[in-house]
Asker: 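The structure follows.
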Amino acid sequence: MLRATASAGIFLLCALTVPSRGFAGSGPDDISPDLTLILEDSFESGVFCAWSFATGATQICSTTIFEIQRQGRTGLVGLGPVVVTGFSSDRKHFWAADHQAAAPWEGMYFFRGAAAPLDGGVQIGSTVDVDGTVQEFATFTELVVNGVSVENSGPAPTALSGIGAATLSDGVLGEPYEGVLVQLSNLKISAFATGDEITLQDASNDTIVMDDKAYDYDSTSYILGDCFDLVRGVMHVDSSTGVRTILPRSADDLQPGVGCN
C-alpha cells in the first residue's frame, strides 16, 4: 500500500492494488489500470471509493459488501460476483451477499429506482456483477444500481442461524445483520401493526417485526398466537421508523408450528 498525506488531519490518499474494473490508462502519465486511489478525509467516517489521481475523475472501484458494510466504503463501486438472496415484492430491487452462506456484514440492499422488474434470468441463488453508488442513510446502507449482469445460477443461499430476535432487532447490535439472510425458530404472533407488519415473539419474550416488502403475504391470514417453527428472511430497516425488520421471501420462509413458546 502506498500512502501520501497532505496537511495533517485534512486528507489521506491511499493507493490500493485492485482488480481492474472500468479503468484504463490512456497515456504515459496515467497510472496503472490496476491501481486505484482511495480518498479518505477527516470529514467522513469511511473510505471514499474511488478517485483517480491521474485524471481527477471518479472511477469504479472493485470491492465487497463486507468492505462497504464493515469498513464504510462509499462512492462508485463494482461488486461481483455476489449472490442474490431476495427480491422486493415487485422484483425491482434485491438483496445480495458476498457468499452463498450468510455471514455478518455480508448482506446489502440493492436499489434500482424506476427500472423494470428483473426478468426470470435472475433468481435467488444467482451470482451477479453489479455496478453502482453506495448510499448511506441514517438507518441503513444501500447500493443505487447502475447495471446488473448475471454470471451463473446457483444453489439457494444458506441463512444465518443462532442469532436471537433481541440482537437482530436492536438498533446497534443488529447492524452486522442488516441485509443478511437469517432464520429464527419457535416464534408466535404477539401483535399486528399498520400495513402487514407483524410482531413475532420468541420463548424469551423478545420480539422482532416481520414485514411483507419481499413477500406480499396477507396479515389477515393470521391471528394472535399463531406459531411458526421457522421464520427465514432478509434483515432490513424501515426507512420511515428506523425499525429493523425481517422480510420473508416466500411462503417457504414461514413454516407453521403448533404450541410454540
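Note that the structure is a prediction, hence the values are computed from the model and not measured.
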Asker: Do the non-hydrogen side-chain atoms of R73 and V134 ever get within less than 4.5 Å of each other?
Answerer: no
Asker: When rounded to the nearest 0.5 angstrom, what distance separates CG in D196 from CD1 in I198?
Answerer: 7.0 Å
Asker: Dump the intermediate steps for side chain to side chain contact (heavy atoms under 4.5 Å, CB included) on V237 and V243, then the final yes or no.
Answerer: CA-CA 6 Å; V237 181; V243 172; over 6 Å; no
Asker: For T207, check side chain to side chain contact (heavy atoms under 4.5 Å, CB included) against everything at least two apart and list the hits.
Answerer: S190, T199, Q201
Asker: Which residues satisfy the ring pair (Phe, Tyr, Trp, His ring centres under 6.0 Å) test with F192, sequence neighbours excluded?
Answerer: none
Asker: Measure the shortest side-chain to side-chain distance between P155 and Q100 over non-hydrogen atoms and say whether it is less than 4.5 angstrom.
Answerer: yes
Asker: May I ask whether L118 and V144 are part of the same hydrophobic cluster, defined by side-chain heavy atoms of I, L, V, M, F, W, Y residues being less than 4.5 angstrom apart, directly or through others?
Answerer: no
Asker: With side chains defined as the heavy atoms from C-beta onward, is the minimum distance between V234 and I246 less than 4.5 Å?
Answerer: no
Asker: Taking R112 for its side chain and K92 for its backbone only, find out whether a donor-acceptor pair lies under 3.5 Å.
Answerer: yes
Asker: Please list, chain by chain and in numerical order, all residues satisfying salt bridge (Lys or Arg N to Asp or Glu O under 4.0 Å) with E197, sequence neighbours excluded.
Answerer: none
Asker: Assess whether side chain to side chain contact (heavy atoms under 4.5 Å, CB included) is satisfied between E151 and D129, documenting all intermediate values.
Answerer: CA-CA 7 Å; E151 285 204 351; D129 294 323; 2.8 Å; yes
Asker: In Å and rounded to the nearest 0.5 Å, what is the OG1 to CG distance from T158 to L181?
Answerer: 8.5 Å
Asker: V122 and F87: which non-hydrogen atoms are nearest, and at how many Å?
Answerer: O-CZ, 3.3 Å
Asker: Is there a side-chain contact between Q135 and L143, using heavy atoms and a 4.5 Å cut-off?
Answerer: no
Asker: Using a 4.5 Å cut-off between side-chain heavy atoms of Ile, Leu, Val, Met, Phe, Trp and Tyr, which other residues end up in the same hydrophobic cluster as I223?
Answerer: none
Asker: Among residues at least two apart in sequence or on other chains, which ones pass side chain to side chain donor-acceptor pair (under 3.5 Å) with T220?
Answerer: D218
Asker: Could you tell me if the side chain of M235 sits less than 4.5 Å from the side chain of E178, heavy atoms only?
Answerer: no
Asker: Tell me if a side-chain donor or acceptor on S62 pairs with a main-chain N or O of G78 at a distance below 3.5 Å.
Answerer: no
Asker: With the 4.5 Å side-chain cut-off for hydrophobic clustering, are V209 and V180 part of the same group?
Answerer: no
Asker: For residues P256 and D226, determine if any side-chain heavy atom of one lies less than 4.5 Å from a side-chain heavy atom of the other.
Answerer: no
Asker: Is it the case that the side chain of R249 and the backbone of A214 share a donor-acceptor pair, with hydrogens and angles ignored and the cut-off at 3.5 Å?
Answerer: no
Asker: Hey, mind stepping through T63 and L79 against side chain to side chain contact (heavy atoms under 4.5 Å, CB included) and telling me if it holds?
Answerer: CA-CA 6 Å; T63 188; L79 288 162; 3.9 Å; yes
Asker: Who are the ring pair (Phe, Tyr, Trp, His ring centres under 6.0 Å) partners of F94, not counting sequence neighbours?
Answerer: F110
Asker: Please name the pair of heavy atoms, one in P157 and one in I124, separated by the smallest distance, quoted to 0.1 Å.
Answerer: CD-CG2, 3.4 Å
Asker: Could you tell me which non-hydrogen atom of D229 sits nearest to which non-hydrogen atom of G257, and how far apart they are?
Answerer: OD1-CA, 3.4 Å
Asker: Which heavy atom of P248 sits nearest a heavy atom of D211, and at what distance?
Answerer: CD-O, 3.5 Å
Asker: With a 4.5 Å heavy-atom cut-off, do V182 and L168 have their side chains touching?
Answerer: yes
Asker: Suppose we screen for side chain to side chain contact (heavy atoms under 4.5 Å, CB included). Which residues come up paired with D206, at least two apart in sequence or across chains?
Answerer: A165, A166, D202, S204
Asker: Is any side-chain heavy atom of V231 less than 4.5 Å from a side-chain heavy atom of M210?
Answerer: yes
Asker: Residues in side chain to side chain contact (heavy atoms under 4.5 Å, CB included) with L230, at least two apart?
Answerer: Q183, R232, Q255
Asker: Give every residue pair that meets the ring-ring contact (aromatic ring centres under 6.0 Å, His included) criterion with at least one member in residues 227-247, sequence neighbours excluded.
Answerer: W95-H236, Y109-H236, F140-H236, Y222-F228
Asker: State which residues pass side chain to side chain donor-acceptor pair (under 3.5 Å) with D212; sequence neighbours excluded, sorted by chain then number.
Answerer: none
Asker: With sequence neighbours left out, which residue pairs that include part of residues 160-179 fulfil the ring-ring contact (aromatic ring centres under 6.0 Å, His included) condition?
Answerer: none
Asker: Looking at G121 and S126, what are the two nearest heavy atoms and their distance?
Answerer: O-OG, 3.9 Å
Asker: Within this structure, what is the OG1-CD1 distance for the pair T141 and I68, rounded to the nearest 0.5 Å?
Answerer: 8.5 Å
Asker: Which atom names give the shortest non-hydrogen contact between R244 and G171, and what distance separates them?
Answerer: NH2-O, 2.8 Å
Asker: Could you tell me the separation between the CD atom of Q69 and the CH2 atom of W105, rounded to the nearest 0.5 Å?
Answerer: 7.5 Å
Asker: CG of N186 to CG of L200: how many Å apart, nearest 0.5 Å?
Answerer: 11.5 Å
Asker: Report whether M108 and F111 are members of the same hydrophobic cluster (ILVMFWY, side-chain heavy atoms less than 4.5 Å apart, transitive linking).
Answerer: no
Asker: Sequence neighbours left out, what passes side chain to side chain contact (heavy atoms under 4.5 Å, CB included) with D98? Give chain and number order.
Answerer: T64, I65, F66, V82, E106
Asker: How many angstroms lie between atom OG of S88 and atom CG of D216, to the nearest 0.5 angstrom?
Answerer: 11.0 Å
